Amino acid sequence: MGHGILWWILIGLIAGFLTGKIMKGEGYGVIGDIVIGILGAILGGWLMSFFHVGGGGIIYSIIVATLGAIVLTWLYRLVTNKG
């Protein structure tokens, strides 16, 4: 169980960091990047299952989490007019 949580945090941190670089905005900090990345992983996983796209492994997980985090950040900026 402990390893699963650590993987979520690690993937969330990487995805949040990549999203910050791709979206070119002000950063959210380490904790914010982790939260954005984890929420992005959930959203990205849902989107991939919605479109019947599957895969596995850490690279796939990072890509899906990053795509979800990008969508989440885009929606956040759209709603708050910060972009």
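None of the values given here were measured: they were computed from a predicted structure. When reading the values below, keep in mind they use all heavy atoms of this one structure, side chains included, and skip hydrogens, waters and symmetry mates.
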* What heavy-atom pair brings A69 and T19 nearest, and what distance separates the two atoms? -> CB-OG1, 3.1 Å
* Spacing of OG1 belonging to T80 relative to CG belonging to L75, to within rounding of 0.5 Å -> 10.5 Å
* Hey, does I42 have a side-chain heavy atom less than 4.5 Å from the side chain of W8? -> yes
* Asked: If you round to the nearest 0.5 Å, how far is CG of D33 from CG of L18?
  -> 9.5 Å
* **Heavy-atom closest pair, residues G37 and A15** => CA-CB, 4.0 Å
* Look up atom CD1 in I36 and atom OG1 in T66, then write down how far apart they are to the nearest 0.5 Å. => 12.0 Å
* **Closest heavy-atom pair and its distance - R77, K24** => NH2-C, 4.3 Å
* **Separation of I62 CD1 from I59 CD1 (nearest 0.5 Å)** => 5.0 Å
* Asked: Among I70, V71, V64, which one satisfies side chain to side chain contact (heavy atoms under 4.5 Å, CB included) with L43?
  -> V71
* To do: Using the rule that two of Ile, Leu, Val, Met, Phe, Trp, Tyr join whenever any of their side-chain heavy atoms come within less than 4.5 Å, decide whether V79 and W74 are in one cluster.
  => no
* To do: Check whether any side-chain heavy atom of T73 lies under 4.5 Å from a side-chain heavy atom of I22, and answer yes or no.
  => no
* I14 CD1 to I34 CD1 distance, which is reported to the nearest 0.5 Å -> 10.5 Å
